[in-house]
Every structure is written in structure tokens, then in C-alpha cells.
2 protein chains.
Amino acid sequence: MDDCGNYKNYLNEHGMKSTKQRNLLLSILAKIQTPQTAEKLYLQAIKSDSSINLSTVYRVLEKFTEKNITIRTSFLDDKSVYSLYPKTHQHQLICMRCKKIVLLEHCPLEDFEKSVEESTHFSVVNHRLELYGYCRQCQKIIAMG
Amino acid sequence: MDDCGNYKNYLNEHGMKSTKQRNLLLSILAKIQTPQTAEKLYLQAIKSDSSINLSTVYRVLEKFTEKNITIRTSFLDDKSVYSLYPKTHQHQLICMRCKKIVLLEHCPLEDFEKSVEESTHFSVVNHRLELYGYCRQCQKIIAMG
DNA sequence: GTCTTAAATGCAAATAGTTTGCATTTGCAT
DNA sequence: ATGCAAATGCAAACTATTTGCATTTAAGAC
Ligand SMILES: [Mn+2]
Ligand SMILES: [Mn+2]
Ligand SMILES: [Zn+2]
Ligand SMILES: [Zn+2]
């Protein structure tokens, strides 16, 4: 291929071949702020590579997630969303109406984890925290009926 | 019907007709300790009422969840699971090896929620918190290799 | 009790996000 | 360049869940 993209070394270091589809998806993920569905990423990708296939997007994202390059999240019935694995520990605040996601940098759980370890004799190695609510716009829309 | 079940008043108070399917599912949910999939509940229900239909189970659980009688949870690809809505707000500590679940009564997030509401202008109505780790026994087993 | 009516159910079919089988192409090590 | 495993495109399958519709049923009025 003429230009395998900017992520060849990165991909090879993670034990993956550098393909134009993977490079493209990495570049899209790197630009994007909020987690996106596979289909949204596919629609973005198809602008640069009209032959890319939705199955490939799913397979690439699955592989990325397996390698901890991306993270996949899902809620009840909704589609899963994918984003680059966060460099720093963070949590999500999710609007239950429009599905907007705000990232929360501060984690309030360090002391709590320690106290749980003491009281339960577990070793706590991870946690999952998501807040659910309504964003300002959706609050207004809901108030109007 | 001869015997509408034990939950007639309870159901009527929640604005629902008392049907044998709903009574049966409530009695199953009340007995069961861990959250179950709709299909598991259906398989349990069919023992008492061989004519109950899986669609009905889904519809009943949807209605129960809408009334906050049950809670529905799901992880990634897995099927949703349903359980009676916990009487007290609580969280889970899950052993990643043996899948044991310890319920945590104390919630450390009240102040955090308020500060998030102030900084994001969301209204926060709910949260999901799970801790992951290893129980004492599994720690020992892992240490032994 | 009977009557009335909206809600609930059974059944079959549809939905939709995601996965998979398979033929073909591609990247990478030699 | 060559060979081969891995990745891709395409279409079809999968599967948890939902939905349309005809029929039954519960609750309330009489
Ligand atoms: Mn945290
Ligand atoms: Mn809490
Ligand atoms: Zn919103
Ligand atoms: Zn354990």
C-alpha cells in the first residue's frame, strides 16, 4: 500500500497488522471527543474509504477493545459505543434522553475503596461508576412536555 | 379466576391488573436471590403455568421496571437481568474470579453527585457503581499459583 | 350476578445490533 | 519476490427483544 497511515508502528507493537481500515479508524477515534457507535464511526470512515465495510468496523473495534486500545460501553437496549481507552482514570455522566456523555476527571472513590477493602477483606482492583441524569437542554425539553 | 395470587392488592395499588402471570412472576422474583434473565424467569414460570409466554414475561418485566418494582441491568452483549428493586440503595463488590457478590450498603456519592450537578448543569438522578476485585479465598488461591 | 371496556395475553412475525462463514485480498517475515 | 496467516467485503445468520393482532381477562358499574 502507498501509505499505511500514521499508526503502523503503534499497531505492530500491539501485535496487529497495519491496515488502512485500522489506521483510518484510529485517526477518527483520535479526533473524536465523545464515544461513538460502530455505525457512526463507519459513516465517518466511509468518507475517506468508500469501500470499508461495517463488519470490518465491528471487527476492528473488537480487536482494539481486546488490546485495550478502545473501550466499549453499552446501556440496556442501546447500541454500544466505543472510544479510545482513557489515558487517565475517569467516569461518565450520561444524559438519559439524548445519550450525550460528559467525562468526569475526578474520582471520589479512593477512600471508599480502602474502607471496603478493610471491611470485606477483598482486594479491590477496579471499579465502574456512571452517573445518569439529564443535560440542561433535555431538562428544558422535558419541562415543556 | 379462582385465586388471583397473593399480590392482587399490591398490583392494584401500583395501577396494574392482577393477572396470574404477574402474580407468578412476583412470587418467583421474591424467592430468587440473584438477578435472572427473562428466559430463566420464563423457564421457572412455565413450571407453574405451562401456558405462559415469553413475550408476556418480557412485557411484565418491562411494566414492573417502569413501576420500579424490578430493576433491569445489562452488561455489554449479555442478556438483561431482572431482580426486585432493592429496598435500600446499594452497590456491589464483585469477585472477578469466583463471581461472588457482596452488597455494599454505604453509598459514598452524595456529595460527588451534587458537585457534578453544579459543574455540569446536569440533573443527576441515578448512578451505577460496582467494585471489582478478589475475595479473600481467591486471593489465596491466586497467590498459590 | 351480568355487562362493558380497556388492558393483558398468546402466538407468530418483525426488528436491529452484532456476529459469522467464506471467498478474496493484504501485510509482513523470510 | 514468495508464502502464509491474518484481515477484509459481502451476504447471510444470529439472538435478545419487541410488536401486531386476534382473543382472553380483570376491574368496575350496574
Ligand atoms: Mn473512579
Ligand atoms: Mn450509590
Ligand atoms: Zn440530553
Ligand atoms: Zn472470589
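Here the structure is a predicted model, which is why all the values come from computation and not from measurement. Order of the sequence lines fixes the chain letters, A, B, ..., with proteins taken first and strands second; residue numbering starts at 1 for each chain.
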Locate the shortest heavy-atom distance separating [X] from [Y]; write the atom from each residue and the value.
| X | Y | result |
| --- | --- | --- |
| A/Leu103 | A/Gln92 | CD2-CG, 4.0 Å |
| A/Leu84 | A/Ala30 | CD1-CA, 3.7 Å |
| A/Val57 | A/Ala38 | CG1-O, 3.6 Å |
| A/Phe64 | A/Leu25 | CE1-CB, 4.5 Å |

How close or far is atom [atom2] of [N] from atom [atom1] of [X], stated in whole angstroms?
| X | N | atom1 | atom2 | answer |
| --- | --- | --- | --- | --- |
| A/Tyr7 | C/dC28 | OH | C1' | 21 Å |
| B/Leu41 | D/dT17 | CG | C1' | 15 Å |
| A/Glu66 | C/dT18 | CD | P | 17 Å |
| B/Leu26 | C/dA8 | CG | C1' | 15 Å |
| A/Lys79 | D/dT15 | NZ | P | 21 Å |
| A/Asn23 | D/dA7 | CG | P | 13 Å |
| B/Met16 | C/dA8 | CE | P | 7 Å |
| B/Lys63 | C/dT9 | NZ | C1' | 13 Å |

Five-pair end axes of the helix from C/dG1-D/dC30 to C/dT30-D/dA1, angle between them (10°):
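Answer for the end axes of this duplex: 40°.
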
Side chains of [X] and [Y] only: does a donor on one sit below 3.5 Å from an acceptor on the other?
| X | Y | value |
| --- | --- | --- |
| A/Ser51 | A/Asp49 | yes |
| B/Thr88 | B/Glu105 | yes |
| A/Ser80 | A/Arg72 | yes |
| A/Asn23 | A/Ser18 | yes |

Please confirm whether the backbone N or O of [Y] pairs with a side-chain atom of [X], one donor and one acceptor, at under 3.5 Å?
| X | Y | result |
| --- | --- | --- |
| B/Gln36 | B/Thr34 | yes |
| B/Asn126 | A/Tyr132 | no |
| A/His14 | A/Tyr10 | yes |

Base, sugar-phosphate alone, or nothing: which one does A/Ser51 contact when heavy atoms must sit under 4.0 Å apart?
sugar-phosphate

Looking across every strand, which nucleic acid part, if any, lies under 4.0 Å from A/Lys17 by heavy atom: base, sugar-phosphate, or nothing?
base

Decide if the gap between the ring center of B/His91 and the ring center of A/His127 is smaller than 6.0 angstrom.
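No.
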
Would you tell me if any nitrogen or oxygen in the side chain of [X] comes within less than 4.0 Å of OP1 or OP2 on [N]?
| X | N | result |
| --- | --- | --- |
| B/Thr37 | D/dA16 | no |
| B/Thr56 | C/dG10 | yes |
| B/Gln21 | D/dT25 | no |
| A/Lys8 | C/dC28 | yes |

Going 5' to 3' through nucleotides 18-23 of chain D and flagging B where a protein heavy-atom sits under 4.0 Å of the base, S where only the sugar-phosphate is that close, and - otherwise, we get BBB---

What pairs of nitrogen or oxygen atoms, one from the protein and one from nucleotides 28-30 of chain D, lie under 3.5 Å apart?
none

